[in-house]
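As structure tokens, the structure follows; a few thoughts come after it.
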Amino acid sequence: MSWIPPDHPRRESLIIREKLVEGFRRGIVVPQGLIAHGRGECFDYLIGERTIEPARMAIRASAAALLLARRPVISVNGNTAALVPEDLVRLSKELGAPLEVNLFHRTRERAEKIARELLELGAERVLGVDDVVEGIPWLSSERRWVSREGILIADVVFVALEDGDRTEALKKMGKKVIAVDLNPLSRTARAADITIVDNIVRAIPLLIEKIRMLRGRRREELEDILKSYNNGEILAEVLQHIKRRLDEISKEIFPEL
Ligand code: PTJ
């Protein structure tokens with residue numbers, strides 16, 4: 001990434017792109033993942049490329065839900081494996097929860113590659129390669145292949161950059177779904193119990209920090225955090241934030257109009 005000038009105004013964004021392109025070259029990211037990233041980037045631009053208050057509220061509720069979970073699982077796809085592999089391993093260790101490779105464009109080779117990289121980074125348990133069954137009814141995509149010891153029996157599933165079909169199917173199976181998705185309008189964002197509308201690269205470190213802060217709190221306190229959380233309200237706040245921001249920018253650029 002040495003070609004990216006240190007003073008480039010969009011350096012962070014270019015570094016993220018480069019990680020995905022490298023992931024694509026290594027066979028971890030699919031071409032469709034590059035397109036998905038473009039959509040995310042656009043929403044990040046509208047949000048202001050920072051973690052906004054509604055996302056912080058969702059992160060707090062997610063931390064509570066993960067600490068209360070009996071069998072939490074962290075789902076990993078090609079994009080997340082390329083963008084935040086170390087953070088995924090840290091999150092997994094922090095919670096004592098397994099990572100599970102779950103791919104929309106599933107091939108055995110890619111699942112193996114992703115699992116190997118996570119293990120090399122110190123992951124203790126990576127599911128979703130040899131241990132999968134066709135475990136999600138109502139789902140015909142390759143995402144239906146889930147681990148018998150992971151997503152199949154999990155009570156809370158953490159997903160990121162997910163497609164709406166699986167989120168809806170996981171909900172039908174009675175699971176609590178925590179999603180990270182920059183698009184507040186996506187089906188995943190609307191179907192999940194808790195949606196963190198933030199870039200995955202910012203969201204996971206903040207989530208780990210929050211888990212550390214809330215660890216040791218009484219169960220009732222964590223349950224109260226969850227009870228007072230309303231995902232619909234949070235998504236509406238994100239949309240209001242974007243609307244306000246666009247109004248402000250438009251006044252700034254075209255003050256005469
Ligand atoms: O690796 P695979 O085979 O499992 O495939 C992964 C992709 C991402 C191709 C697959 O899950 C897919 O097609 O996803 P979608 O349906 O395009 O949804 C991706 C969502 O993630 C979109 O709503 C994007 O706005 C959002 N997104 C993209 N980049 C980020 C993001 N959200 C958070 N952080 C990002 N960096």
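Any value given below was found using the heavy atoms of this structure, including those in side chains, with hydrogens, waters and symmetry copies removed. Ligands are counted one by one from 1 in listed order, and the atoms in each one are counted from 1 as well. Fair warning: this is a prediction, and the values are worked out from it, not measured in the lab.
For R143, every heavy-atom contact with ligand 1 shorter than 4.0 Å involves the side chain, none the backbone. Contacts of R106 with ligand 1, taken as heavy-atom pairs under 4.0 Å, are absent altogether. Only backbone heavy atoms of D198 (N, CA, C or O) come within less than 4.0 Å of ligand 1; its side chain stays farther off.
Numbered from 1 in the order shown, with element, the atoms of ligand 1 that lie under 4.0 Å from a heavy atom of G78 read 1 (O). Below 4.0 Å from some heavy atom of E162 lie the following atoms of ligand 1, by number and element: 18 (O).
Checked by atom type, the side-chain pair N102/S75 shows no donor-acceptor distance below 3.5 Å. Inspection of the S250 and D247 side chains reveals no N or O donor paired with an N or O acceptor under 3.5 Å. One side chain, S186 or D181, offers a donor N or O that lies under 3.5 Å from an acceptor on the other.
By heavy-atom distance, the residue among N199, D181, T107, L83 lying nearest atom 23 (O) of ligand 1 is D181. Compare R110, Q32, R166 by their heavy atoms: the one nearest to atom 3 (O) of ligand 1 is in R110.
E221 CD: more than 12 foreign heavy atoms inside a 6.0 Å radius.
When hydrogens are left out, the protein atom nearest atom 32 (N) of ligand 1 is L182 N, 3.1 Å; that is the closest non-hydrogen contact. Counting protein heavy atoms only, atom 27 (N) of ligand 1 is closest to L161 CG, 3.7 Å. In terms of protein heavy-atom proximity, atom 4 (O) of ligand 1 is nearest to F104 N, 2.8 Å. Of the protein's non-hydrogen atoms, A36 O, 3.3 Å is the one closest to atom 28 (C) of ligand 1. Ranking the protein heavy atoms by distance from atom 6 (C) of ligand 1 puts N77 ND2, 3.8 Å first.
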